[in-house]
Amino acid sequence: MKRKKMLGLVCGLLLAVPGAAMSQSFGTGMDAGEVADKIARSSVRTIYTNLRKEGIPWKTIRDQYMPGILTKSLRTVQRGYTSEAILNDFLPTLLRSYYSEIDQINRENHFTCVEQTFIVKTIVPFIKECEMQLGPWRISVTQVVDMVLNVSYPYQVCSTGCRNKVRSEFSSTFSYNFPASRFGKICAE
């Protein structure tokens with residue numbers, strides 16, 4: 001019963017936290033990048049803090065609860081943004097800030113790297129959600145993938161073979177056959 005109650009709390013937080021961060025930004029004159037930074041960092045930190053209070057270890061929080069945060073953050077894209085602001089400011093900042101906060105909490109918990117499976121579990125659903133959520137702005141999945149592959153990521157990957165793992169997942173999910181060299185930044189190489 002306690003587990004179901006906790007799961008209900010987490011689901012509520014996953015929906016509420018990005019929205020709360022966005023509502024705090026209205027009226028403050030924040031640009032798309034500033035809003036994305038606030039949303040990513042506050043969402044990750046709030047979920048982490050609340051679940052740690054419940055006694056859940058960071059590795060479990062990171063691997064089971066954090067992948068959904070990134071995709072749910074897309075719900076906060078504001079209608080007034082142009083497609084250029086979304087592609088050049090909001091999305092890259094959201095990714096950098098999300099992974100930066102994950103990396104920070106990793107260090108606080110004495111983890112020095114992320115597994116390549118975590119990258120796949122977060123970034124592939126994120127791109128798929130972008131494809132669905134960003135239709136009104138006429139942003140294509142190709143544009144999102146190009147942006148994702150050009151962002152510099154703050155984490156270190158634990159094992160070798162990341163490029164091939166991520167490339168394989170991208171190829172099967174999006175029917176694109178990018179050269180392995182395109183995955184250097186996402187694999188922090």
Side-chain angles (χ1 to χ4, degrees), residues 31-41 43-45 48 58-59 61-74 76-77 81-134 137-189:
D31 68 20
E34 292 169 323
V35 170
D37 180 68
K38 185 175 185 125
I39 289 166
R41 292 184 188 282
S43 297
V44 168
R45 188 57 68 168
Y48 167 71
W58 165 239
K59 186 173 180 348
I61 295 168
R62 182 192 65 204
D63 296 343
Q64 291 182 14
Y65 297 97
M66 288 299 165
I69 297 287
L70 188 58
T71 57
K72 287 185 180 16
S73 295
L74 285 172
T76 63
V77 173
Y81 292 158
T82 64
S83 58
E84 292 79 22
I86 293 168
L87 272 173
N88 298 328
D89 296 326
F90 187 87
L91 294 178
T93 303
L94 185 71
L95 288 171
R96 277 190 298 270
S97 298
Y98 170 83
Y99 287 112
S100 175
E101 201 64 25
I102 296 285
D103 192 53
Q104 171 83 26
I105 297 171
N106 258 351
R107 287 192 307 273
E108 291 170 13
N109 288 276
H110 309 291
F111 288 93
T112 57
C113 55
V114 295
E115 296 293 334
Q116 58 195 2
T117 55
F118 179 75
I119 297 167
V120 170
K121 282 180 14 181
T122 54
I123 207 68
V124 170
F126 174 77
I127 294 169
K128 287 169 67 174
E129 189 68 16
C130 283
E131 186 176 25
M132 292 180 0
Q133 294 281 336
L134 302 178
W137 289 274
R138 299 181 193 263
I139 296 173
S140 71
V141 70
T142 305
Q143 290 173 297
V144 174
V145 168
D146 283 340
M147 179 275 306
V148 164
L149 294 178
N150 286 319
V151 170
S152 294
Y153 296 89
Y155 51 72
Q156 180 179 348
V157 179
C158 297
S159 56
T160 60
C162 176
R163 285 183 192 213
N164 290 332
K165 172 79 172 166
V166 176
R167 178 180 180 229
S168 173
E169 193 64 34
F170 268 54
S171 294
S172 67
T173 304
F174 303 111
S175 301
Y176 294 123
N177 194 13
F178 291 112
S181 61
R182 290 285 316 270
F183 296 90
K185 285 186 178 181
I186 200 167
C187 290
E189 295 174 349

Sidechain-backbone polar pair: Glu189 side chain, Gly184 backbone, donor-acceptor under 3.5 Å: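 No; zero donor-acceptor contacts below 3.5 Å.
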
Just so I know, are the side chains of [X] and [Y] near enough to count as touching, which here means a heavy-atom distance under 4.5 Å?
| X | Y | value |
| --- | --- | --- |
| Phe111 | Arg62 | yes |
| Leu149 | Lys185 | no |
| Tyr81 | Leu87 | no |
| Tyr153 | Ile123 | yes |
| Val114 | Asp103 | no |
| Asn106 | Thr112 | no |

What closest approach, in Å, do [X] and [Y] show between heavy atoms, and which atom pair accounts for it?
| X | Y | result |
| --- | --- | --- |
| Val157 | Cys113 | C-CB, 3.9 Å |
| Ile119 | Ile186 | CD1-O, 3.8 Å |
| Asp37 | Ser97 | OD1-OG, 2.5 Å |
| Asn164 | Ala180 | OD1-CB, 4.2 Å |
| Tyr48 | Ile61 | O-CD1, 4.0 Å |

Candidate pair Asp89 and Val35, rule side chain to side chain contact (heavy atoms under 4.5 Å, CB included), full reasoning: CA-CA 10 Å; Asp89 296 326; Val35 170; over 6 Å; no

Rounded to the nearest 0.5 Å, how far apart are CG of Asn177 and OG of Ser172?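 It is 11.0 Å, given to the nearest 0.5 Å.
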
Would you give the length of the straight line joining atom CG of Asp63 to atom CD of Glu115, rounded to the nearest 0.5 angstrom? 8.0 Å

Using a strict 4.0 Å threshold on nitrogen-to-oxygen distance, state whether Arg45 and Glu108 make a salt bridge. yes

Are Arg182 and Asp146 within salt-bridge range, i.e. N to O under 4.0 Å?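 Counted as a salt bridge, because a side-chain N and a carboxylate O are separated by less than 4.0 Å.
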
Would the Tyr155 and Phe118 ring centres measure less than 6.0 Å apart? no

Going by distance alone, is a donor N or O of one side chain under 3.5 Å from an acceptor N or O of the other, for Thr122 and Tyr99? yes

So if I apply the side-chain contact (heavy atoms from CB on, under 4.5 Å) rule between Ser73 and each of Thr71, Val77, Ile69, which one comes out positive?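 Among Thr71, Val77, Ile69, the one that satisfies the side-chain contact (heavy atoms from CB on, under 4.5 Å) with Ser73 is Ile69.
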
Under the criterion side chain to side chain contact (heavy atoms under 4.5 Å, CB included), I'd like the reasoning laid out for Tyr65 against Val44: C-alpha separation, chi angles, the key distance, then a yes or no. CA-CA 10 Å; Tyr65 297 97; Val44 168; over 6 Å; no

Between Phe170 and the options Phe178, Phe183, Phe126, the ring-ring contact (aromatic ring centres under 6.0 Å, His included) test singles out Phe183

Within the supplied structure, the quantity of interest is the number of heavy atoms (other residues, nucleotides, ligands) at a distance under 6.0 Å from Lys121 NZ; does it exceed 12?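 Counting neighbours around NZ of Lys121, more than 12 heavy atoms of other residues, nucleotides or ligands fall under 6.0 Å, so yes.
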
Quick check: are there more than 12 heavy atoms from other residues, nucleotides or ligands sitting under 6.0 Å from CZ of Arg138?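 Counting other residues, nucleotides and ligands, CZ of Arg138 stays at 12 neighbours or fewer.
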
